[in-house]
Colleague: 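One structure is given below, represented as structure tokens, and several questions about it will come after.
Letters A, B, ... are given to chains in the order of the sequence lines, protein chains preceding strands, and every chain is numbered from 1.
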Amino acid sequence: MMTLNASKIEPNPIRHADVYRNDWDSFVANQSRNGSASDRAHELRRVGWEEFNRIGFPINRRGNELWKYTDLRQIDRMPFRFGAPSSGISLEAIAKMVPLPREWQNVVFVDGVRDPSIADSGSQSDGLTLRDVTAYEQLGALAGCESNAFVSLNSAFLDDGLMVDIDHDVESIKPLHVVFVSTGSDLGQRAVYPRIAVSVGRGSHATLIETHVSMADGSHLSVPVVEISMGQQSTLRHYRVQLDGEDSYHFATTRVKQGEDSRYRSTSFSMGSSIGRHDVLTMLDGEHAESTLHGVYMTTNRQHQDFEISTTHSVPHGTSDQYYKGILSGRSRAVFSGKITVERGAQKTDANQKDLNLLLSHGAEVDTKPSLEIYADDVKCAHGATAGHVDEDTLFYLQSRGVDYDTAQAMLIRGFAAEILDEIEDELLRTFLEDKLDELMPALQQASDTIGTA
Amino acid sequence: MLKIENLHAAVTDSDEEILKGIDLEVNAGEVHAIMGPNGSGKSTLASVLMGKPTYTVTEGDITVDGDSIVEMMPDERAHLGMFLAMQYPSEVPGVRPWQFLKAARDARDGANGEKKMSVRAFSKLFDEKVEEVGINPDLMRRSLNEGFSGGEKKRNEMLQMAVLEPRIAIMDETDSGLDIDALQAVADGVNQMRSPSRSFVIVTHYQRLLHYVRPDVVHVLVNGRIVETGNAKLAEKVEATGYRDYVAVN
Ligand SMILES: Nc1ncnc2c1ncn2[C@@H]1O[C@H](COP(=O)(O)OP(=O)(O)O)[C@@H](O)[C@H]1O
Ligand SMILES: [Mg+2]
């Protein structure tokens with residue numbers, strides 16, 4: 001059961017409908033000529049295109065709760081183009097931006113396409129099969145196009161993508177690192193539509209690192225869709241790293257369906273893009289399933305990050321925990337919309353939701369919108385949200401020991417994020433992200449204005 | 001070493017004075033006690049000495065070795081060798097005691113043109129002091145003061161003082177809320193650190209601590225003013241009669 005109320009969403013005209021249509025027409029014509037993809041893929045493209053064409057971008061926000069705080073008119077105004085990926089991007093250049101260690105199995109997509117000139121680095125693990133996503137029979141089963149412009153667009157332009165098939169009872173495999181590099185260059189304003197489907201077999205344990213990164217500044221639109229299906233007693237550790245360029249736009253959808261006794265634990269790290277949104281829904285369909293959705297976001301200048309975080313308990317004994325922390329500076333804005341749905345009969349559900357924000361400037365703003373829909377009576381459900389400035393007494397405390405104002409403030413910022421970052425079991429990744437936060441620190445601090453010492 | 005002259009201070013951006021003309025001179029090696037009833041301005045004085053931006057000096061001066069420190073940031077005062085053990089130390093999520101103290105020590109050594117301590121040398125010092133102060137080493141794996149009991153926080157202040165080795169140590173009610181063992185530990189810490197080149201300003205509400213740490217000079221602070229100064233005997237008198245007499249005349 002989705003909480004979307006499709007009927008209320010009014011279709012919006014698409015400013016550059018002709019651009020999208022031309023690109024789509026030539027894309028499908030090409031695909032038909034190659035004749036490689038499955039009927040399922042063809043069908044998804046058609047359904048996606050028709051739905052996008054029908055509803056357009058949700059620019060009219062009146063009465064549309066899902067888009068209440070995020071203005072998409074900028075997106076609609078730009079003719080984002082779909083086309084051949086940039087060539088000549090080397091693995092070395094990518095490795096300068098994201099770690100591609102031997103300890104992980106790395107798969108790199110450039111502009112949405114798994115570039116054969118960039119070999120996958122790291123070796124294949126037993127029990128894990130990578131396939132072309134278009135060959136997946138269940139594609140689109142979890143991420144439906146209906147009333148969702150971004151899933152529709154992604155489906156319409158379904159090209160390359162990754163199907164990750166993990167066998168049953170796979171005890172330990174290397175973390176799978178899927179990197180989506182956007183170049184945003186020679187096409188002007190480029191759109192990329194990354195797609196991943198993951199199927200974790202019964203009793204298997206796996207780690208997925210999903211990284212989004214930009215090579216060049218230009219503005220690009222990135223619209224990833226990830227569908228994850230988890231078998232009984234399986235575990236997936238999912239890390240999501242969003243480092244797209246500051247002039248880019250990122251609209252991501254993640255859908256997770258969990259079987260009995262499964263554990264899905266995700267930690268997301270979002271600091272990229274001008275406007276970013278991550279729409280996650282985990283569906284606990286088997287008893288005793290556990291879903292942990294944690295994340296940290298950093299915004300500065302005029303950035304906008306929007307988190308649409310939903311958990312649906314449809315059976316008893318589920319446990320879920322949504323916990324996001326935000327660090328906001330400049331005139332940036334964040335939206336946290338956390339939904340917990342406990343369906344009738346989903347007794348003994350234990351659901352938690354928390355969104356804590358550290359505001360470094362007066363111009364920064366966060367909108368937190370909890371929504372709890374509970375139709376069972378024997379349920380534990382707690383939620384909370386805060387937004388506060390750096391504590392002056394604490395800053396003084398640190399400064400009084402000899403560290404200067406900036407250092408003390410940076411310590412508090414790092415300390416605030418640490419609670420989430422410390423959960424990252426993969427040390428390479430944790431160190432990389434701690435360094436990323438440190439790289440961003442001067443920008444966060446420059447745009448900060450909340451506390452002035454005498 | 002530390003000289004306070006006609007010090008007036010108010011809450012920043014407010015006209016209401018809390019400190020109303022304080023004069024105090026602390027020479028090297030001396031231990032001064034400042035006693036006074038609740039709300040008399042003891043913590044304000046301690047905070048103003050350390051440069052807390054909540055307060056503004058509206059008149060008078062504070063000098064260390066003859067130089068005014070009124071315009072200095074708290075960290076610059078720390079670099080001069082000042083230290084304030086706080087009455088209510090903050091809890092600092094995600095900041096580890098060891099890392100923090102190393103950064104603080106490095107900052108001061110750097111500012112004074114001294115060589116930074118090696119990790120090994122610092123660790124040795126840190127571990128020694130952890131043992132001396134008698135703080136549970138497990139707490140050092142947590143975030144700074146997070147979930148510490150009142151007594152543990154006070155011991156942690158003592159630890160920081162011991163590691164940072166200040167020249168001018170100001171202690172704001174480090175003795176409050178401590179059981180007898182912890183009180184003894186604080187006293188031992190101070191007595192061990194007493195030296196001809198180090199001064200203490202010990203702010204206290206009760207004279208309990210002064211049984212163990214014998215002050216050279218005792219001041220009674222009431223309503224933002226020092227109303228009486230004397231030797232260790234004054235503390236005993238205050239204990240016997242309370243602050244009632246002072247409060248009545250002020
Ligand atoms: N930040 C502040 N804002 C307003 N009033 C304050 C502030 N700090 C101290 N005061 C007031 O100044 C007086 C002295 O407080 P304080 O120095 O904490 O006293 P003590 O430590 O002696 O108990 C009290 O009346 C207190 O309410
Ligand atoms: Mg006090």
Colleague: Start with the C-alpha distance between B:Phe100 and A:Leu398, add both sets of side-chain angles, then the distance that settles side-chain contact (heavy atoms from CB on, under 4.5 Å), and finish with yes or no.
Modeller: CA-CA 8 Å; B:Phe100 170 56; A:Leu398 300 186; 3.4 Å; yes
Colleague: Could you state the interatomic distance from CG (B:Asp75) to CZ (A:Phe396), rounded to the nearest 0.5 Å?
Modeller: 10.5 Å
Colleague: Around atom NZ of B:Lys3, are there more than 12 heavy atoms from other residues, nucleotides or ligands closer than 6.0 Å?
Modeller: no
Colleague: Could you name the residues of residues 121-151 of chain B that have a heavy atom within less than 4.5 Å of a heavy atom in chain A?
Modeller: B:Leu144, B:Asn145
Colleague: Taking heavy atoms only and a threshold strictly under 4.5 Å, list by residue number the residues of residues 157-167 of chain B that touch chain A; give 'none' if the list is empty.
Modeller: B:Glu157, B:Gln160, B:Leu164
Colleague: If you count every heavy atom of other residues, nucleotides or ligands that lies below 6.0 Å from B:Asn112 atom CG, does the total exceed 12?
Modeller: yes
Colleague: Given that the side chain runs from C-beta out, which part of A:Tyr397 has a heavy atom under 4.5 Å from chain B: side chain, backbone, both or neither?
Modeller: both
Colleague: Between A:Asp422 and B:Arg96, is there a salt bridge with N-O shorter than 4.0 Å?
Modeller: yes
Colleague: With a 4.5 Å cut-off on heavy-atom pairs, point out which of B:Arg108, B:Glu91, B:His79 contacts chain A the most.
Modeller: B:His79
Colleague: Hey, which of B:Gly94, B:Ala107, B:Ser90, B:Ser47 has the most heavy atom pairs under 4.5 Å with chain A?
Modeller: B:Ser90
Colleague: To the closest 0.5 Å, what do you measure between OG (A:Ser400) and CG (B:Leu49)?
Modeller: 12.5 Å
Colleague: CD of B:Glu76 to CG of A:Asp404: how many Å apart, nearest 0.5 Å?
Modeller: 9.5 Å
Colleague: I would like to know whether B:Val92 and A:Thr394 meet side-chain contact (heavy atoms from CB on, under 4.5 Å); could you show each step before the answer?
Modeller: CA-CA 7 Å; B:Val92 198; A:Thr394 309; 3.8 Å; yes
Colleague: Could you look at A:Leu421 and say if it's the side chain, the backbone, both or neither that has a heavy atom under 4.5 Å from chain B?
Modeller: neither
Colleague: Could you tell me which portion of A:Arg401 (side chain, backbone, both or neither) has an atom closer than 4.5 angstrom to a non-hydrogen atom of chain B?
Modeller: both
